[in-house]
Amino acid sequence: LAYPDRPPSPVNVTVTQLKANSATVSWDVPEGDVVIGYAILQQRQDGQMQRFIREVNTTNRACVLWDLAEDADYVIQVQSIGLYGESQASKRVHFRTLKETDRLPSNSSNQGDITMEGLDKDRQLQTGEIIIIVAVLLMWAAVIALFCRQYDIIKDNDSNNNKEKTKPSSEHSTPERPSGGLLRSKKKSPSVNIIEV
């Protein structure tokens, strides 16, 4: 069936940068069609895992497949996303991931920029998130330390004020006692008499 509003299927779907846990899939889009994104169906041949990757508002013609099992067979199909729907799926492309001990094949180095860009973006996101988390934790630690410091200052001021308050209050309270009042009156009365004389 032909859908005039749908874009044609992607062509030249290839898998490069094969590693034990990742690979890069790239494709081409026929000229003259408005394509706003892509969708990738990734499936292990043993049927244990299937993943659907969909991204819109992008002009990318490549995608890094991550978190793959080592030494496993995969099949992928790519669809183009247009303004009015998705294209038919591309031809099925088979690939097999490497073992952890294997090295990169020399013939897959031509797409290294795309893979490294994708992986670097993931790493930058991870390090950026870690930096943000650490910064937030440091800010909270600083706020808590500042609060404790201010609290200690307030506490010290309160204790000093209490000490200062207790001293005059004890002096003021002595005249209320009969004995203190008598003693003070006896001390003050001779001094007054001396001044008068």
Side-chain angles (χ1 to χ4, degrees), residues 1-140:
L1 292 176
Y3 296 94
D5 293 335
R6 289 187 175 189
S9 302
V11 295
N12 300 329
V13 178
T14 54
V15 176
T16 56
Q17 287 294 309
L18 272 173
K19 297 181 181 179
N21 303 114
S22 66
T24 298
V25 56
S26 59
W27 61 90
D28 293 326
V29 174
E31 292 294 328
D33 292 289
V34 177
V35 175
I36 61 170
Y38 62 85
I40 299 173
L41 177 63
Q42 167 196 319
Q43 187 171 8
R44 271 179 66 167
Q45 280 200 330
D46 56 13
Q48 288 185 3
M49 191 196 79
Q50 182 174 340
R51 176 185 288 155
F52 189 75
I53 303 168
R54 180 186 172 93
E55 187 171 344
V56 293
N57 297 328
T58 180
T59 57
N60 286 341
R61 300 292 181 259
C63 177
V64 177
L65 307 175
W66 69 98
D67 199 23
L68 304 177
E70 66 169 316
D71 195 23
D73 290 301
Y74 287 89
V75 174
I76 56 167
Q77 289 180 290
V78 184
Q79 292 174 282
S80 294
I81 300 175
L83 294 172
Y84 304 103
E86 298 174 357
S87 71
Q88 295 294 316
S90 67
K91 293 179 180 179
R92 293 161 64 90
V93 176
H94 167 267
F95 68 95
R96 185 178 183 86
T97 53
L98 304 179
K99 294 180 181 178
E100 287 287 353
T101 54
D102 291 344
R103 293 185 178 180
L104 270 175
S106 59
N107 61 356
S108 63
S109 60
N110 52 358
Q111 294 289 339
D113 293 338
I114 297 172
T115 304
M116 290 312 293
E117 281 177 10
L119 293 177
D120 285 344
K121 284 178 185 175
D122 292 342
R123 287 173 190 160
Q124 286 174 5
L125 285 174
Q126 290 174 359
T127 53
E129 290 170 358
I130 292 171
I131 290 171
I132 290 171
I133 291 171
V134 169
V136 169
L137 289 176
L138 287 174
M139 284 174 57
W140 274 109

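Predicted model only: the values in this text are computed from it and were never measured. Here, residue 1 is the first one in the sequence, and each next residue gets the next number.
- Ile36 and Gly82 get closest at one heavy-atom pair: CD1-O, 3.6 Å.
- In this structure, Gln45 has no side-chain hydrogen bond (donor to acceptor under 3.5 Å, both in side chains) partners at least two apart in sequence or on a different chain.
- The salt bridge (Lys or Arg N to Asp or Glu O under 4.0 Å) pairs that include a residue from residues 75-84 number zero, where partners must be two or more places apart or lie in different chains.
- Residues forming a side-chain hydrogen bond (donor to acceptor under 3.5 Å, both in side chains) with Asp71 (at least two apart in sequence, or on another chain): Arg96.
- Contact detail for Pro8 and Pro30: the closest heavy-atom pair is CG-CG, 3.6 Å.
- Shown here for Trp27 and Val13, the closest heavy-atom pair between the two residues is CB-CG2, 3.9 Å.
- Contact detail for Ser80 and Val35: the closest heavy-atom pair is CB-CG1, 4.0 Å.
- In plain terms, the two heavy atoms of Ile53 and Gln42 that are nearest each other are CD1-OE1, 4.3 Å.
- For residues 78-97, the pairs satisfying ring-ring contact (aromatic ring centres under 6.0 Å, His included) are Tyr74-Phe95, with sequence neighbours left out.
- The side-chain hydrogen bond (donor to acceptor under 3.5 Å, both in side chains) search around Asp67 returns none, not counting sequence neighbours.
- Once rounded to the nearest 0.5 Å, the distance linking CE of Met49 with CD of Gln43 reads 9.5 Å.
- Under the side-chain hydrogen bond (donor to acceptor under 3.5 Å, both in side chains) criterion, Asn57 pairs with no residue, sequence neighbours left out.
- Across Cys63 and Ile40, no two heavy atoms sit closer than the pair CB-CD1, 3.6 Å.
- Looking only at distances, a side-chain donor or acceptor of Gln79 sits under 3.5 Å from a matching main-chain atom of Ser87.
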